Amino acid sequence: TQLLEQSPQFLSIQEGENLTVYCNSSSVFSSLQWYRQEPGEGPVLLVTVVTGGEVKKLKRLTFQFGDARKDSSLHITAAQPGDTGLYLCAGAGSQGNLIFGKGTKLSVKP
Amino acid sequence: NAGVTQTPKFQVLKTGQSMTLQCAQDMNHNSMYWYRQDPGMGLRLIYYSASEGTTDKGEVPNGYNVSRLNKREFSLRLESAAPSQTSVYFCASSPNRADMNSPLHFGNGTRLTVT
């Protein structure tokens, strides 16, 4: 069974701090996607990483795909209250459907 | 464009009652999905429809049925609701299920409580 483990499960920080969340698996994935979900809404795609070792930047967010394509990380620089939400990673499973991690719930306090 | 629209937004049912959750997308996507989201469990796939006219079971299909009414609409039916089906249900769509790099587009969910 392919699993994606996300850590930490919860993270509460002050505005301006930096943070990193992780998405790990013992399985190789052809690509990984990161979504952000705000309260009362559905998840929205942030980025897809495809190549091992790839780094993608989206303003203050930096996404990295591990060389072996088994793990990924999301680093946020100078977090803002607007970054608050549930961050989900997802990868294509062997059955052809997306497998989601359980998410990291981030709270950024002003 | 509205994207993916789900109705209703909230619903309370008594054990044994039935209901249908509606989902429609206006992006001309071929593939549609139903997920449930529970605390500590993440998003789990209930059923999906890779293309119009086809439906398949996902990870947690028991107690549910689906209908792909046309390319736009994909409904989820609970024939006899149980408290274990209390959850937030999300419909999603994607251009083609086979392209795993294409993102899922989610609706804003239906919050269902079964008492």
Side-chain angles (χ1 to χ4, degrees), chain A residues 1-10 21-25 27-52 54 56 58 63 65 69 72 85-106, chain B residues 2-10 21 23-25 27 29-51 54-61 87-111:
Chain A
T1 302
Q2 292 173 292
L3 291 173
L4 284 167
E5 303 280 351
Q6 289 192 245
S7 61
Q9 189 176 357
F10 300 98
V21 299
Y22 300 92
C23 174
N24 296 306
S25 177
S27 303
V28 174
F29 286 89
S30 59
S31 64
L32 281 179
Q33 299 177 358
W34 283 92
Y35 291 80
R36 179 169 65 208
Q37 183 178 15
E38 299 186 17
E41 299 183 4
V44 176
L45 181 77
L46 294 173
V47 78
T48 301
V49 286
V50 179
T51 305
E54 181 177 8
K56 280 192 173 179
L58 189 65
F63 302 85
F65 199 13
R69 291 184 289 127
S72 182
L86 179 68
Y87 289 81
L88 297 160
C89 66
S94 59
Q95 304 295 320
N97 292 309
L98 273 182
I99 297 170
F100 283 84
K102 295 179 181 179
T104 293
K105 191 170 185 179
L106 172 65
Chain B
V4 178
T5 302
Q6 292 184 236
T7 56
K9 294 185 188 299
F10 301 93
L21 282 65
C23 174
Q25 53 93 6
M27 295 172 284
H29 286 169
N30 287 312
S31 304
M32 297 185 73
Y33 313 80
W34 277 105
Y35 286 87
R36 59 177 289 173
Q37 187 174 38
D38 303 289
M41 299 296 291
L43 281 161
R44 292 182 292 169
L45 183 64
I46 305 170
Y47 270 94
Y48 65 94
S49 171
S51 60
T54 69
T55 61
D56 284 286
K57 295 178 180 179
E59 180 186 357
V60 289
S87 187
V88 182
Y89 291 86
F90 287 97
C91 177
S93 69
S94 70
N96 285 295
R97 176 175 171 268
D99 179 4
M100 296 314 302
N101 290 342
S102 64
L104 295 185
H105 297 257
F106 285 86
N108 283 333
T110 294
R111 284 143 189 83

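This one's a predicted model, so the numbers in the text were calculated from it and none came from an experiment. Per chain, numbering begins at 1; letters A, B, ... match sequence-line order.
A donor-acceptor pair under 3.5 Å is absent between the side-chain atoms of A:Tyr35 and the main chain of B:Pro103, judged by distance alone.
Between A:Gln37 and B:Phe90, the shortest heavy-atom distance links the atoms NE2-CZ, 3.3 Å.
At a 4.5 Å heavy-atom cutoff, the contact between A:Leu88 and chain B is made by side-chain atoms alone. Proximity to chain A is absent for every atom of B:Ser31, based on heavy atoms less than 4.5 angstrom apart. Contact of B:Glu59 with chain A is not made at all, since no heavy-atom distance falls under 4.5 Å. Contact of A:Gln33 with chain B is made through the side chain alone, with heavy-atom distances under 4.5 Å. Looking at B:Arg44, there are no atoms closer than 4.5 Å to chain A (heavy atoms on both sides), in backbone or side chain.
Contact count against chain B (heavy-atom pairs under 4.5 Å) is highest for A:Gly40 among A:Gly101, A:Gly40, A:Ala92, A:Ser31. Between chain A and the options B:Cys91, B:Pro39, B:Gly40, heavy-atom pairs under 4.5 Å are most frequent for B:Gly40.
The closest side-chain heavy-atom distance from A:Leu45 to B:Leu104 is not below 4.5 Å.
Summarising the local packing, NZ of A:Lys56 is surrounded by more than 12 heavy atoms from other residues, nucleotides or ligands at distances under 6.0 Å.
Put simply, CG on B:Leu43 and CD1 on A:Ile99 are 12.5 Å apart, with the number rounded to the nearest 0.5 Å.
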Quick one: do B:Phe106 and A:Val44 satisfy side chain to side chain contact (heavy atoms under 4.5 Å, CB included)? Show the steps, please.
CA-CA 7 Å; B:Phe106 285 86; A:Val44 176; over 6 Å; no
So A:Leu98 and B:Tyr48, side chain to side chain contact (heavy atoms under 4.5 Å, CB included) or not? Walk me through it.
CA-CA 11 Å; A:Leu98 273 182; B:Tyr48 65 94; over 6 Å; no
